[in-house]
Participant: 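Sharing a structure below in structure tokens format, with a few things to ask.
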Protein chains: 2
Amino acid sequence: MTTELQNFLEDIQQVDDFAEFQDATVRLRDLLKVTHVVYHWVNSVGERFGAGTYSSEWVDRYLEKDYLRMDPVIFGCFQRFTPVNWKQLDWSSKAAKAFFRDALDYGVGNQGWTIPIRGPNGQFALFTLNGDVSDAAWERVIARYERDLMVIAHEFNKKALAFDSHEEGQACPSLSPREAAAITHIAKGLSRGQAASEMGISEHTLRVYVESARHKLGAMNTTHAVARALSMGLIIV
Amino acid sequence: MTTELQNFLEDIQQVDDFAEFQDATVRLRDLLKVTHVVYHWVNSVGERFGAGTYSSEWVDRYLEKDYLRMDPVIFGCFQRFTPVNWKQLDWSSKAAKAFFRDALDYGVGNQGWTIPIRGPNGQFALFTLNGDVSDAAWERVIARYERDLMVIAHEFNKKALAFDSHEEGQACPSLSPREAAAITHIAKGLSRGQAASEMGISEHTLRVYVESARHKLGAMNTTHAVARALSMGLIIV
DNA sequence: TTTACCCTCCCCAAAAATAGCGAGGTGTGG
DNA sequence: CCACACCTCGCTATTTTTGGGGAGGGTAAA
């Protein structure tokens, strides 16, 4: 790792503000001499948190045209977990080709390289490097920075998650061993009766555990309780 | 990155056999001069895939005692996405203390450092470094290898995933948009009626979606379907 | 064009979950 | 010692969910 990148990495660990986070992408872009650097975090409904050097026009157009739903980069990265060169993706569909042309018009380079990042609760984020050079030159850029960028990308994601949890502080309840076991069995698809006999207790007792867990988790019903327990990492199926 | 680790990284990219994969953990252990190196993955079906230097006695005992369900390392890593030093985890419960003592008896070192790795379809794996030195010495080991090991851990996971998809054609069902929406609403704790009105459809129709999703997911009931969809990363609450 | 999947609606009987009311015994920590 | 949380069991009644069975129209790929 070069000293510049080393310094950069140490600096972003100190970032505690969204504007600085945004600036970091600009700085990294200049450091690596690429066209764009983007950190992008998507949840099920759409963009939630992003920082990058794309023009606001392109970001707006992307959202307006709902490109999220067909972007080959999103799909490709969602199915992999290793970084992917855009050239390796499937751009064969007509919609994908139109999307790519549109992106070029808005100043996005013809080369791209994206790292998928996955976190707790199905969190899924992308860290993208974008360039405008020949295929061979792009390969060299990737080969040179690949490993350093994996570390940097994870650092970005750590920051993004920290911002998010900072905004909505939540206390995570703790389940008693029997409660956790009961909820786990229910999450595995067992009925109350089955779960009860699995745990060697009466169905009624099991029901008490589930109810108790449900109240602790602030859930409206058993299914909700299971979902919350899973999301909070309190149980593992 | 040292030349040894550099070479190691290049070598494991050539691995295409489980035995070699296993050998790699031994080689890495000797390279880093630590007590154990372990890669461990439990997939959504509950099948275990692991390679490491733990004694087979300890692995057997771990499975027999079902330590998976209370191992603080598993829980701690599941809730985070950054590497974690075992000392930072919550070992206060009696069960956790007993587990730790048991581990020591079976030759597991008193220090540990684990990287959680997350992949497609809710995949969750652990890459662990285990040692038997003082706290300060362990901190130094971590600080020295942290970044290199993140790259190596991801390389291990890449290999493991390649083996897995090679052995069994992956059966990760895909939900239609309405099915996913229906399951998501149910997972949020809404009743069928509420979810239906939220989606602007009749309760009967919503039921069809939930049933359809349930069949696709191979779930025994709605709660199970929600749990599976969450575990596979098909929905996000 | 056919096939396949997606979206929407409906009925019914049985099973399960929910929401209350109770009762005890165990252990931990202040 | 006394709370407090945990673990275990019983009862009744109401509401909801489940698991089958249908039926028709749309869209999109093969």
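In the text below, chain A, chain B and the rest are named by the order of the sequence lines, each starting its count at 1.
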Participant: Reckon A:S176 has a side-chain N or O less than 4.0 Å from the OP1 or OP2 of D:dA5?
Facilitator: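 No, no such contact exists.
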Participant: If only side-chain N and O atoms of B:S202 are considered, is one of them under 4.0 Å from the OP1 or OP2 phosphate oxygen of C:dC9?
Facilitator: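 Indeed, a polar side-chain atom of B:S202 lies that close.
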Participant: B:S212 near the nucleic acid: base, sugar-phosphate alone, or nothing, with a heavy-atom cut-off under 4.0 Å?
Facilitator: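 Here B:S212 touches no strand at all.
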Participant: Classify the angle between the aromatic ring planes of A:W86 and A:W91 as parallel (below 30°), tilted (30 to 60°) or perpendicular (above 60°).
Facilitator: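 Correct class here is tilted.
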Participant: Rounded to the nearest Å, what distance is computed from the CG atom of residue A:L175 to the P atom of nucleotide D:dC7?
Facilitator: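 For the pair A:L175 CG and D:dC7 P, the rounded distance is 10 Å.
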Participant: Which residue in the set B:F21, B:F156, B:Y39 passes ring pair (Phe, Tyr, Trp, His ring centres under 6.0 Å) when paired with B:F163?
Facilitator: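 Testing B:F163 for a ring pair (Phe, Tyr, Trp, His ring centres under 6.0 Å) against B:F21, B:F156, B:Y39 leaves exactly one candidate, B:F21.
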Participant: Between atom CD1 in B:I201 and atom P in C:dC6, what is the gap in whole Å?
Facilitator: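 After rounding, the gap between these two atoms is 15 Å.
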Participant: Applying salt bridge (Lys or Arg N to Asp or Glu O under 4.0 Å), name anything that partners A:K188, two or more places apart in sequence or on another chain.
Facilitator: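 Scan of A:K188 (salt bridge (Lys or Arg N to Asp or Glu O under 4.0 Å), adjacent residues dropped) gives none.
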Participant: To the nearest Å, how far apart are A:L190 CG and C:dA17 P?
Facilitator: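 The answer, rounded to whole Å, is 11 Å.
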Participant: List the residues meeting salt bridge (Lys or Arg N to Asp or Glu O under 4.0 Å) with B:E198, not counting sequence neighbours, and say none if there are none.
Facilitator: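 Per chain and number, B:E198 pairs via salt bridge (Lys or Arg N to Asp or Glu O under 4.0 Å) with no residue.
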Participant: Rounded to the nearest angstrom, tell me the gap between atom CD1 in B:I183 and atom C1' in C:dC6.
Facilitator: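 These atoms are roughly 16 Å apart.
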Participant: Using the closest heavy atom to pick a nucleotide of DNA chain C for each, name whichever of B:M199 or A:G193 lands nearer the 5' end.
Facilitator: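 Of the two residues, B:M199 wins.
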Participant: At less than 3.5 Å, do the side-chain atoms of A:H204 and the base atoms of D:dC11 form a donor-acceptor pair?
Facilitator: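 Per atom types, the contact qualifies.
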Participant: Between atom CD in A:E179 and atom C1' in D:dT8, what is the gap in whole Å?
Facilitator: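 Whole-Å distance recorded here is 13 Å.
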Participant: Keeping the roles fixed (side chain from B:K159, backbone from B:Q13), state whether a donor-acceptor pair exists under 3.5 Å.
Facilitator: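 Pair found, side chain donor or acceptor close to backbone of B:Q13.
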Participant: Measure the distance from CG on A:L206 to C1' on D:dC9 and round it to the nearest whole Å.
Facilitator: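 Rounded to the whole Å, the gap is 13 Å.
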Participant: May I have the distance from A:I186 (atom CD1) to D:dT17 (atom P), rounded to whole angstrom?
Facilitator: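 So the two atoms are 16 Å apart, to the nearest Å.
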Participant: Between B:Y209 and A:V210, which is nearer to the 5' end of DNA chain C once each is assigned its nearest nucleotide?
Facilitator: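 Nearer the 5' end of the strand: B:Y209.
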Participant: Output yes when at least one side-chain N/O atom of A:R178 is less than 4.0 Å from OP1 or OP2 of D:dC6, else no.
Facilitator: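 No, because none of the side-chain N or O atoms of A:R178 sits under 4.0 Å from OP1 or OP2 of D:dC6.
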Participant: Can you tell me if A:D102 and A:Y62 form a side-chain donor-acceptor pair at under 3.5 Å?
Facilitator: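 No, because no side-chain N or O of A:D102 sits under 3.5 Å from a partner of the opposite role on A:Y62.
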Participant: Please output the side-chain donor-acceptor pairs of residues 105-112 of chain A that fall under 3.5 Å, not counting sequence neighbours, one pair per line with the distance.
Facilitator:
residue: A:Q111; atom: NE2; partner: A:V133; partner atom: O; Å: 3.2
residue: A:Q111; atom: NE2; partner: A:D135; partner atom: OD1; Å: 2.6

Participant: Under 3.5 Å, which protein N or O atoms sit close to an N or O of nucleotides 23-30 of chain C? Give each pair with its distance.
Facilitator:
none

Participant: Just checking A:K87: does its NZ atom have more than 12 heavy atoms from other residues, nucleotides or ligands closer to it than 6.0 angstrom?
Facilitator: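 Yes, enclosed.
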Participant: How many Å lie between CD on A:E203 and P on C:dA15, as a whole number?
Facilitator: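 A:E203 atom CD is separated from C:dA15 atom P by 13 Å.
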Participant: Within 45° of the ring axis of A:F78 and under 6.0 Å from its six-membered ring centre, is that where the NZ or CZ of A:R118 lies?
Facilitator: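 Satisfied, under 6.0 Å and within 45°.
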Participant: What's the shortest heavy-atom distance between A:I183 and A:A225, and which atoms?
Facilitator: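 Smallest heavy-atom distance, with atoms named: CD1-CB, 4.3 Å.
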Participant: Indicate yes or no: at least one non-hydrogen side-chain atom of A:H154 is less than 4.5 angstrom from one of A:F127.
Facilitator: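 Not in contact.
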Participant: Does a side chain donor of either B:T128 or B:N130 reach within less than 3.5 Å of an acceptor in the other side chain?
Facilitator: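 No, no side-chain donor-acceptor contact under 3.5 Å.
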Participant: Which protein N or O atoms sit under 3.5 Å from an N or O of nucleotides 19-26 of chain D?
Facilitator:
residue: D:dG19; atom: OP1; partner: B:M220; partner atom: O; Å: 3.1
residue: D:dG19; atom: OP2; partner: B:R214; partner atom: NE; Å: 3.4
residue: D:dG19; atom: OP2; partner: B:R214; partner atom: NH1; Å: 2.4
residue: D:dG19; atom: OP2; partner: B:R214; partner atom: NH2; Å: 3.2
residue: D:dG19; atom: O6; partner: B:R207; partner atom: NH2; Å: 2.4
residue: D:dG20; atom: O6; partner: B:R207; partner atom: NH2; Å: 3.4

Participant: Identify which nucleotide among D:dC6, C:dT8, C:dC7 has an atom closest to any side-chain atom of B:P177, counting heavy atoms from C-beta outward.
Facilitator: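 Comparing D:dC6, C:dT8, C:dC7 against the side chain of B:P177, the answer is C:dC7.
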Participant: Once you build an axis from the first five pairs and another from the last five of the helix from C:dT1-D:dA30 to C:dG30-D:dC1, how far apart in angle are they, to 10 degrees?
Facilitator: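 Roughly 70° between the end axes, to the nearest 10°.
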